[in-house]
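Scope of the values below: all heavy atoms of this structure, side chains included, with no hydrogens, waters or symmetry mates.
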Amino acid sequence: MRLTNNMILKRYMRNLNTSFKTLNKLSDISSSQQLYKKASENPAAALKAFNVRSDLFKIGIYKGNLLDVRNILTDIESCIATINDIAVEVNTRIEQAKNVTYSETERAAIAAVIENMQVQLLEVVNRRTAGRYIFGGSNLTEMPFTVEDGKLLYHGVDVDTGIFEKDSIYVDLGAGMSSGAAPVNDNTAFDISYPGVRLLGHGVDEDGISNNLYNIMSDLVAMLNNNDISQIDKYQAKFEQVISGILVQYADIGEKCNFVNFLDKRLLVDEENYLNKQDGLEVADLAEAFMNLEYQKMAYNAALKIGASVLQGSLLDFLS
Amino acid sequence: MRATFLGFEIVRKALNASQKGLDVVTQNISNANTEGYTRQRVDLSAVPSERGSFLYSNSTTADVGMGVNVDRISQARDKVLDYKYRKENAINNTWNTTLSGLRDIENIIDEYDKDGLNSALLSFLEKLHTFSGNTANIEYASLLRTSAQTVAQTLNKYAEQLNELENLQLEELKIVVKDVNQLLDKINKINTEIKSAMVAGYTPNELLDTRNMYLDKLSGYLNIYVENNDDGTVFVKTGDVYLIHGQTVNSIEVNPGYPVILSDSSGNEFIVSNGQLFAHLQLLNGNGVYASGNESDFQGIQYYKTSLDMFAQRFAEVFNSLNEQNGTPKPLFAGDSYGNITASTISISDDWLSDAMYITASTQENPVAGANDNIIRMIQAMDANHVISPAFTGSFIDFVTSLNGDIAMDVRYYQDMAETSDIVLLSVDEQRESVSGVSLNEESINMIRFQKSYSAAARIMTALDQMLDTLINHMGIAGR
């Protein structure tokens with residue numbers, strides 16, 4: 001093949017340009033630590049990276065939700081603990097009141113203490129944290145418990161006579177929340193609503209005694225004020241029964257906390273996996289990037305040097 | 001018998017040939033870097049003796065030829081290589097022009113290094129989650145509305161950018177068509193000049209170079225086939241349609257609209273299969289999987305516009321129907337005044353805009369404040385699969401990712417093909433250069449060659465001169 005100066009020049013220019021482009025690309029990678037700037041540079045990796053990013057973003061959302069749930073559960077837990085303290089205190093007072101040597105005034109004093117405890121109890125179940133009434137069920141904006149004529153009302157409904165349907169606020173914690181025809185499947189979504197009426201009890205038993213902690217306390221107060229302790233054992237037994245019911249819910253909350261911790265750990269593991277994946281897909285290995293860059297610098301310099309020697313000569317230089 | 005002054009005439013021819021040779025060397029060296037220049041050479045031939053058939057000719061005399069003749073100055077050019085080059089040039093321009101158009105689309109769609117529709121959707125999902133735990137809180141409700149607005153505005157922005165790109169491509173197409181028509185006119189004019197020059201009997205090498213350059217340029221715009229005629233003119237055709245035939249030039253016209261088509265001067269649709277024209281057409285008309293009938297199934301601007309329109313429509317549909325309360329429609333998203341929802345018209349409905357709490361948090365008969373069952377449904381709708389287009393069923397985010405994938409893979413493919421084609425074109429160009437290019441070494445050698453032959457011929461002249469001097473001045477003077 002016949003070679004001309006222009007052919008050599010063109011080819012050299014092209015190779016030099018390619019070498020320079022590679023140099024530019026490698027210095028880009030080294031300085032940004034990003035393997036690619038555009039998805040088209042490696043579509044397969046980029047598409048995987050897109051999915052990993054969405055997954056990581058969702059994990060971020062779930063982590064936020066988990067934190068909320070955990071705070072709510074902690075609040076509920078401490079409230080129930082307080083209720084338990086109140087219950088123990090009340091129980092001690094009732095034991096005292098049962099003492100036959102107690103006078104009417106002394107019993108009235110105990111009644112006053114229990115009344116005071118009732119106020120404390122109301123305070124606890126109407127607690128509002130982070131803008132929400134934690135025992136309001138799904139209604140987070142209105143104070144759940146009110147007292148009217150000595151009767152406890154939950155969202156305006158008498159707890160002894162009202163019928164309370166299950167209400168819920170679901171939060172997606174990344175356990176694969178799914179739904180069929182019904183809005184949400186209980187097994188996969190997390191119900192953060194905590195109806196106070198379920199905690200304190202509602203309705204009356206076959207003896208006509210209220211199932212509600214507050215109302216039983218009211219009954220006890222009335223008895224003590226009347227200085228009539230004939231029925232007090234029965235009511236005390238009921239009181240203890242309701243309290244143990246509350247303590248069961250305490251254990252329930254503990255279960256829920258465990259579940260949340262489990263999910264949290266799983267999310268952390270997932271997150272780490274995804275971050276590792278992302279590292280492999282998008283992030284350049286610095287040592288490798290620098291090595292490649294140095295090598296390419298050398299190659300580029302060599303190309304420049306060769307150019308200087310290849311492009312000069314022709315026969316003309318040697319004719320005299 | 002040999003004529004006495006015969007030698008002078010032969011030497012004159014030899015000197016002339018060497019001079020011409022040197023002239024050509026000069027021309028070649030001068031134009032070593034001229035674009036489109038084809039190296040020239042002197043075609044020499046030996047002149048036979050003028051013996052004829054004389055009655056009394058002396059057949060025993062050994063006859064010598066009559067020197068050298070300069071036949072013409074010809075070009076070192078290979079028509080087959082021209083054909084190969086032009087064919088590859090059309091293909092190369094298809095890849096490269098399409099690639100640059102795809103890069104423009106990529107700049108709009110690609111979210112690898114910047115935020116776009118995908119991040120808007122993820123943010124919308126995040127705001128749904130925060131709102132779901134606080135459905136009575138108007139601040140969270142307006143945050144959610146803002147993120148929905150971002151989704152709509154991002155779609156608007158994409159649509160607007162794609163429209164701008166479409167206009168730009170159309171303008172570029174018009175410019176290319178104008179250039180094609182001008183080139184055809186120029187080639188036609190040069191055809192006439194070459195023809196008259198050849199009739200006058202000389203070789204219009206420089207005109208041939210110019211015409212070849214025009215043809216090379218034309219071959220980048222569309223696939224052409226060049227027919228060479230004996231009178232020096234060329235005919236140019238694309239497919240079966242002649243662009244230049246005789247003195248007739250068939251000029252091309254652009255008919256905008258969808259699809260954009262080209263027509264020739266007789267009003268017929270003009271079909272190209274390669275080159276920049278083809279690339280612009282497929283970028284403008286390519287409707288991917290949505291193409292029907294004869295439409296181009298290349299994934300061009302049209303494909304992305306259709307995809308985003310379908311996305312916008314489906315997205316609005318899903319959330320509008322989710323927001324329905326007990327059979328009463330409460331649209332969250334609206335379109336233009338006719339109710340058509342496309343990527344360019346989608347927006348937040350006026351009702352939602354005036355009241356952030358317009359979003360239906362619960363579909364229960366008498367929902368308590370804080371109920372969130374419907375927001376949960378919306379969160380699920382973001383993760384659920386929808387039939388977004390006839391060719392795609394999946395989540396909204398998946399759809400956007402798949403669009404990113406489409407453009408990324410197309411750019412990658414066209415980039416690879418363009419690189420391969422660049423190498424092929426370079427190699428054909430090198431082959432052509434190898435035949436037609438000026439080599440300085442070669443020209444230096446030719447320079448010496450003609451210089452030496454000139455000196456030699458001049459020396460012969462001196463020798464002849466001395467011979468005649470001997471004959472005329474020194475013969476027959478004995479005894480004077």
Side-chain angles (χ1 to χ4, degrees), chain A residues 1-7 10-11 14 34 36-44 46-47 49-51 53-54 57-58 60-62 64-65 68-69 72 130-133 136-142 155 167-172 177-179 183-184 189 192-193 282 313-316 318-319, chain B residues 32-33 39 102-103 106 110-113 118-119 122 125-126 129-130 132-137 362-363 367-374 376-377 379-380 383 397-398 400-402 404-405 407-412 415 422 426 429-431 433-435 437-442 444-445 447-448:
Chain A
M1 190 164 160
R2 192 175 161 271
L3 262 180
T4 71
N5 305 51
N6 275 339
M7 280 160 78
K10 266 192 198 168
R11 192 160 269 251
R14 192 186 142 78
Q34 255 189 322
Y36 317 107
K37 289 273 178 225
K38 281 190 168 148
S40 56
E41 288 174 48
N42 188 343
L47 282 187
F50 274 129
N51 287 331
R53 282 181 194 180
S54 306
F57 191 89
K58 282 183 192 164
I61 297 178
Y62 295 144
N65 288 351
D68 282 352
V69 169
I72 292 168
R132 47 167 95 202
Y133 289 100
S138 63
N139 188 340
L140 303 171
T141 49
E142 287 162 29
H155 290 311
D167 57 352
S168 19
I169 296 180
Y170 289 107
V171 169
D172 186 359
M177 185 173 76
S178 64
S179 69
V184 179
I192 51 159
S193 75
E282 300 187 42
S314 83
L315 183 60
L316 283 172
F318 299 95
L319 292 178
Chain B
N33 294 322
R39 108 185 125 99
L102 285 174
R103 284 239 164 85
E106 184 185 30
D110 185 44
E111 280 185 55
Y112 194 77
D113 211 26
N118 228 336
S119 22
L122 283 173
L125 176 64
E126 185 187 24
H129 271 279
T130 29
S132 81
N134 306 278
T135 48
N137 190 323
S362 169
T363 52
V368 287
N372 72 345
D373 52 285
N374 204 39
I376 293 292
R377 273 188 214 105
I379 291 175
Q380 287 172 342
D383 287 331
I397 290 171
D398 287 347
V400 179
T401 307
S402 91
N404 268 287
I407 187 65
M409 281 190 278
D410 275 355
V411 167
R412 181 77 210 181
Q415 193 178 313
D422 280 349
L426 188 79
D429 196 34
E430 271 188 354
Q431 285 180 40
E433 175 75 21
S434 167
V435 173
V438 175
S439 155
L440 289 181
N441 287 341
E442 209 174 82
S444 314
I445 293 168
M447 183 181 82
I448 298 165

>> Under 4.5 Å from any heavy atom of chain B, what part of A:I61 do you find: side chain, backbone, both or neither?
In response: side chain
> In terms of heavy-atom proximity below 4.5 Å to chain A, should B:V400 be classed as side chain, backbone, both, or neither?
Replying inline: neither
>> Which heavy atom of B:R412 sits nearest to which heavy atom of A:P43, and what is that distance?
In response: CB-CG, 3.7 Å
> At what distance, to the nearest 0.5 angstrom, does CD1 of B:I397 lie from CG of A:N51?
Replying inline: 10.0 Å
>> Do A:L315 and B:L440 make a side-chain contact, defined as non-hydrogen atoms from C-beta onward lying under 4.5 Å apart?
In response: no
> Just how far is it from atom CG of B:L122 to atom NZ of A:K58, taken to the nearest 0.5 Å?
Replying inline: 7.0 Å
> Side chain, backbone, both or neither: which part of A:E282 has a non-hydrogen atom closer than 4.5 Å to chain B?
Replying inline: both
>> Quick check on B:E442 against chain A: is it the side chain, the backbone, both or neither that has a heavy atom closer than 4.5 Å?
In response: side chain
> Nearest 0.5 Å, what's the OG-CE distance between B:S434 and A:M7?
Replying inline: 4.5 Å
>> Only pairs of heavy atoms separated by less than 4.5 Å count here; which of B:Q415, B:R103, B:Q431, B:E111 has the most with chain A?
In response: B:E111
> Which atoms of B:D429 come close to chain A, meaning under 4.5 Å heavy atom to heavy atom: side chain ones, backbone ones, both, or neither?
Replying inline: side chain
> How close do B:D113 and A:K37 get, heavy atom to heavy atom, and via which atoms?
Replying inline: CB-O, 3.4 Å
>> I need the A:I192 CD1 to B:S132 OG distance, nearest 0.5 Å.
In response: 7.0 Å
>> Report which part of A:A44 has an atom under 4.5 Å of a heavy atom belonging to chain B: side chain, backbone, both, or neither.
In response: neither
> Is the closest side-chain heavy-atom distance between B:M409 and A:L47 below 4.5 Å?
Replying inline: yes
> Closest heavy-atom contact between B:E433 and A:N6?
Replying inline: OE2-CB, 3.2 Å
>> If you compare all heavy atoms of A:A39 against all heavy atoms of B:Y112, which two are closest, and at what distance to 0.1 Å?
In response: N-CB, 3.7 Å
>> To the closest 0.5 Å, what do you measure between NE2 (B:H129) and CG (A:N65)?
In response: 6.0 Å
> Quick one: does A:R2's side chain have a donor or acceptor within less than 3.5 Å of a partner on B:G437's backbone?
Replying inline: yes
>> Rounded at 0.5 Å granularity, tell me how far CG in B:N441 sits from CG in A:N5.
In response: 6.0 Å
>> For B:E106 and A:S40: C-alpha separation, side-chain torsions, deciding distance, then whether side-chain hydrogen bond (donor to acceptor under 3.5 Å, both in side chains) applies.
In response: CA-CA 8 Å; B:E106 184 185 30; A:S40 56; 2.5 Å; yes
>> Is B:D383 close to chain A through its backbone or its side chain, or both, or neither, when contacts mean heavy atoms under 4.5 Å?
In response: side chain
>> Whether the side chain of B:T401 engages the backbone of A:F50 through a donor-acceptor N/O pair (distance < 3.5 Å, no angle test) should be reported.
In response: no
>> Using modelled atom types and a 3.5 Å cut-off, is there a donor and acceptor pairing between side-chain atoms of A:R11 and backbone atoms of B:L426?
In response: no
>> Please determine whether side-chain contact (heavy atoms from CB on, under 4.5 Å) holds for the pair B:D422 and A:R14, giving the CA-CA distance in whole Å, both sets of side-chain angles, and the decisive distance to 0.1 Å.
In response: CA-CA 11 Å; B:D422 280 349; A:R14 192 186 142 78; 4.2 Å; yes
> Does A:K10 pair with B:E430 as a salt bridge, N-O distance under 4.0 Å?
Replying inline: no
> Under a 4.5 Å heavy-atom cutoff, which of B:I445, B:V411, B:N372 has the most pairs with chain A?
Replying inline: B:N372
